[in-house]
Asker: 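Just passing along the structure, written as structure tokens.
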2 protein chains.
Amino acid sequence: MHIVDIITKKRDGHALTKQEIEYVIDSYTKGEIPDYQISAFLMATYFNQMNDEEATYLALAMRDSGDSIDLSDIKGIKVDKHSTGGVGDKVTLILGPLLASLGAKFAKMSGRGLGHTGGTIDKLESIPGYKVEIKVEDFIKQVQDIGIAVVGQSGDVAPADKKLYALRDVTATVDCIPLIASSIMSKKLASGADAICLDVKVGHGAFMKTEEEAEKLAKLMVEIGKLAGKKVTAILTGMDEPLGHKIGNGLEVYEAIETLHGKGPKDLVEVTLTIGEQLLLDANLAANQKEARSMLEASLNDGRAYQKFLELVKAQGGDVDKLKHPEDLIAKEKVEVLVPKDGFITEMNALDIGKAAMRLGAGRETKEDQILLDVGIDLHKKIGDQVHKGDILATLYVRNKGIDEAKSLLLNAITIGHQKTEIKLIKKKIS
Amino acid sequence: MHIVDIITKKRDGHALTKQEIEYVIDSYTKGEIPDYQISAFLMATYFNQMNDEEATYLALAMRDSGDSIDLSDIKGIKVDKHSTGGVGDKVTLILGPLLASLGAKFAKMSGRGLGHTGGTIDKLESIPGYKVEIKVEDFIKQVQDIGIAVVGQSGDVAPADKKLYALRDVTATVDCIPLIASSIMSKKLASGADAICLDVKVGHGAFMKTEEEAEKLAKLMVEIGKLAGKKVTAILTGMDEPLGHKIGNGLEVYEAIETLHGKGPKDLVEVTLTIGEQLLLDANLAANQKEARSMLEASLNDGRAYQKFLELVKAQGGDVDKLKHPEDLIAKEKVEVLVPKDGFITEMNALDIGKAAMRLGAGRETKEDQILLDVGIDLHKKIGDQVHKGDILATLYVRNKGIDEAKSLLLNAITIGHQKTEIKLIKKKIS
């Protein structure tokens with residue numbers, strides 16, 4: 001096999017075989033094909049796309065380039081969820097304990113964030129003592145014992161994807177649905193779960209700006225999952241405004257705790273329950289959607305979900321006493337941002353609000369950046385709310401970094417109009 | 001300026017500015033942009049092409065990456081010709097002396113060949129003593145004195161093109177008309193000539209297989225020339241069979257000498273005169289096409305063109321006595337290839353006949369290969385000829401290398417049918 005022939009084939013619009021895709025990925029991972037040929041291949045793929053089979057072969061080849069987690073020692077159906085990334089998305093922190101409290105096995109390896117806020121792992125690290133680096137055998141034992149573990153990536157998962165992604169990033173080939181889908185799925189397929197629910201975010205705060213694109217991506221990921229023998233579903237959810245009210249690592253843990261006490265904001269609860277329903281059904285723990293929803297609501301309201309969260313934190317070395325005063329997870333210094341005029345909030349640019357949080361120190365601009373775990377934004381108003389000049393729009397929790405910039409980004413991100421706007425949160429389910 | 005933004009712009013189908021193209025070429029030549037970004041850029045260009053202005057900026061930027069020859073010390077209009085490459089193409093050997101004999105200034109720097117036969121420079125080296133490496137000042141003085149010099153490339157001409165071409169070759173991005181046109185023109189624009197005639201070969205023996213493609217390439221090169229302030233014309237000529245009868249370095253010099261004596265094969269003479277007419281007009285040495293043709297024919301027939309050829313050879317140190325016995329330029333050992341059946345020659349795959357000559361040693365497969373200057377093929381039959389089984393189809397001049405392979409390639413390259421076929425040699429003129 002010759003890489004030039006394979007580039008030519010893709011350039012000319014033909015579908016590649018499994019063997020050809022495996023050859024490309026294996027040889028590239030081993031350093032036998034140089035970057036300059038792969039970048040030409042990626043650009044040809046950008047133009048001519050890949051069909052479902054090709055994207056599946058690519059996802060599997062990338063999965064097989066590194067370590068996969070074997071969860072077969074854990075009894076029952078292992079569930080996992082993945083979000084394509086949004087602002088204020090703390091669903092995993094709530095959903096994991098919630099599902100585990102109802103008997104599902106939630107064995108999650110999660111990444112650190114690059115961008116507006118930290119990843120799930122960064123958020124959990126805002127709890128004093130919480131350890132994210134755990135040996136695989138201890139990880140498995142913890143799930144066997146309490147039904148849940150949320151740890152950092154261990155081993156070398158999909159190194160081909162890492163190498164390819166780094167190249168895509170500097171060659172204008174990121175924005176290509178088959179490449180995005182196979183990148184996400186290569187890691188999900190390595191995670192060992194039996195049922196996976198993908199939360200595909202849509203809107204200006206998300207990577208997929210339109211519902212059409214998001215649906216295309218979701219369908220392809222579901223198809224790759226199926227072809228790879230997994231139960232995969234996708235939910236398209238809106239990212240027209242941040243999810244919930246709080247953005248920032250400690251702030252998001254705070255909001256997760258409130259939600260686990262049955263006092264969460266409506267949009268955050270709705271996304272959590274929608275994904276939860278799907279995974280309870282996939283894990284054969286509920287007979288139908290209605291039953292699934294009542295089970296989830298009951299666990300949130302009667303404290304079982306919160307108890308499971310405490311078990312999780314304790315099992316991973318976190319100080320559960322600190323969780324009694326979640327305000328301690330948050331910076332002491334506050335800055336209030338006021339509503340500039342009367343009207344209704346009609347738009348909230350989630351991406352810019354995310355950037356505002358990043359300027360305060362809540363996220364990383366480069367891999368080397370240190371995150372400030374206790375800074376962030378608490379939004380008092382959301383789309384559809386009526387506001388008056390001088391109302392508190394948001395409270396910034398700060399540590400003497402990027403305050404003015406954050407304030408101005410935040411104010412620019414908000415549009416105040418004359419009419420109440422409604423936005424649709426749960427847009428579509430794909431299975 | 002950021003290369004990722006420029007790749008994205010080309011990827012999204014927008015035209016690049018002069019500044020952007022100059023940035024790409026300058027930075028790439030200096031090694032400031034890595035190959036993997038340029039190959040993505042090239043593939044995006046393959047898909048979205050370039051408009052005439054972009055291709056011109058590219059050609060000029062590549063020209064300016066290296067040395068240009070300043071011919072301004074030579075009085076009169078300097079003319080040049082370039083062939084996109086064909087089998088048996090010895091036009092330069094005849095056209096140069098012919099034009100110089102009529103007062104034109106023919107200052108040619110030529111390359112070595114890679115492929116079926118050598119380049120013009122290799123062919124001239126089959127004349128004992130002929131020196132191709134000459135200092136620029138001596139080159140200019142020779143053109144001032146006798147109106148002609150044909151030497152090897154001196155200096156570092158268009159290094160950006162060399163680097164880019166090497167990358168295109170291994171990333172499936174060779175076959176892209178704006179990239180081909182700007183590559184050729186970057187070198188031609190560095191050559192210092194005022195008027196350039198491009199011989200764009202069309203047919204299965206040429207790089208451009210169809211007249212449509214060839215015309216597109218020709219038009220773009222003419223346009224680039226114009227935008228760069230040169231008088232550029234293009235002639236589309238057939239490469240459905242080799243040009244003339246002889247293929248191989250010494251053999252082609254032999255055929256050039258015959259032609260300079262007024263005894264050349266019809267097709268070779270026709271291409272030479274067609275280009276010659278154009279360049280005589282461009283050099284203001286003839287009032288119209290008819291006059292140009294009579295001048296050219298007269299010089300071929302009365303020996304002036306041949307005398308100029310002898311002057312050229314002498315000026316560059318060649319042994320003119322050897323030219324009295326041009327058969328000495330050719331290998332002594334001959335192998336005859338016979339016509340296998342009765343009929344008419346309907347097809348001659350020029351590329352395969354070129355490969356046959358290469359197998360005998362007439363061309364280089366890799367840059368390091370040594371050429372055998374005296375081997376090659378003399379075709380006794382061409383398309384349209386009636387043949388009988390046992391006639392001599394061709395004489396191979398050999399040196400104990402690749403004989404069987406050449407014979408079989410040659411026989412496979414020929415189609416004998418029942419009807420006389422005619423082919424059109426001069427297909428179109430573009431100015």
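This one's a predicted model, so the numbers in the text were calculated from it and none came from an experiment. Chain naming here is simple, since letters A, B, ... match the order of the sequence lines and numbering starts at 1 in each.
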Asker: Can you name the closest pair of heavy atoms from Ala218(A) and Ile430(A) and give their distance?
Answerer: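 Where Ala218(A) meets Ile430(A) most closely, the heavy atoms are CB-CD1, 3.8 Å.
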Asker: Where do Ala59(B) and Met185(B) come nearest, in terms of heavy atoms and distance?
Answerer: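 Looking at all heavy atoms of both residues, the closest pair is CB-CB, 4.2 Å.
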Asker: Which atom names give the shortest non-hydrogen contact between Ala61(A) and Ile25(A), and what distance separates them?
Answerer: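 Ala61(A) and Ile25(A) have their closest heavy atoms at O-CG2, 3.7 Å.
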Asker: Flag the pair Ile180(B) / Phe207(B) as yes when at least one side-chain heavy-atom distance between them is below 4.5 Å, and no otherwise.
Answerer: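 Side-chain contact under 4.5 Å: yes.
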Asker: When rounded to the nearest 0.5 angstrom, what distance separates CD1 in Ile224(B) from CG in Leu60(B)?
Answerer: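 Reported value, rounded in 0.5 Å steps: 8.5 Å.
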Asker: Can you find a heavy atom in the side chain of Leu236(B) that is under 4.5 Å from one in the side chain of Met208(B)?
Answerer: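 Leu236(B) vs Met208(B): side chains apart.
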Asker: With chain B as the partner, which of Leu42(A), Leu167(A), Val170(A) has the greatest number of non-hydrogen pairs under 4.5 Å?
Answerer: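 The option with the most such pairs is Val170(A).
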Asker: Highest number of heavy-atom pairs under 4.5 Å with chain A: which of Ile3(B), Ile38(B), Val4(B)?
Answerer: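 With the most close heavy-atom pairs to chain A, the winner is Val4(B).
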Asker: So which N and O atoms of chain A and chain B form donor-acceptor pairs under 3.5 Å?
Answerer:
residue, atom, partner, partner atom, Å
Arg11(A), NE, Tyr46(B), OH, 3.2
Arg11(A), NH1, Ala172(B), O, 2.8
Tyr36(A), O, Ser39(B), OG, 2.6
Gln37(A), NE2, Val170(B), O, 2.7
Ser39(A), OG, Tyr36(B), O, 2.6
Ser39(A), OG, Ser39(B), OG, 2.6
Tyr46(A), OH, Arg11(B), NE, 3.1
Val170(A), O, Gln37(B), NE2, 2.8
Ala172(A), O, Arg11(B), NH1, 2.8

Asker: Apply side chain to side chain contact (heavy atoms under 4.5 Å, CB included) to Phe41(B) and Ile33(B), showing your working.
Answerer: CA-CA 11 Å; Phe41(B) 172 75; Ile33(B) 300 178; over 6 Å; no
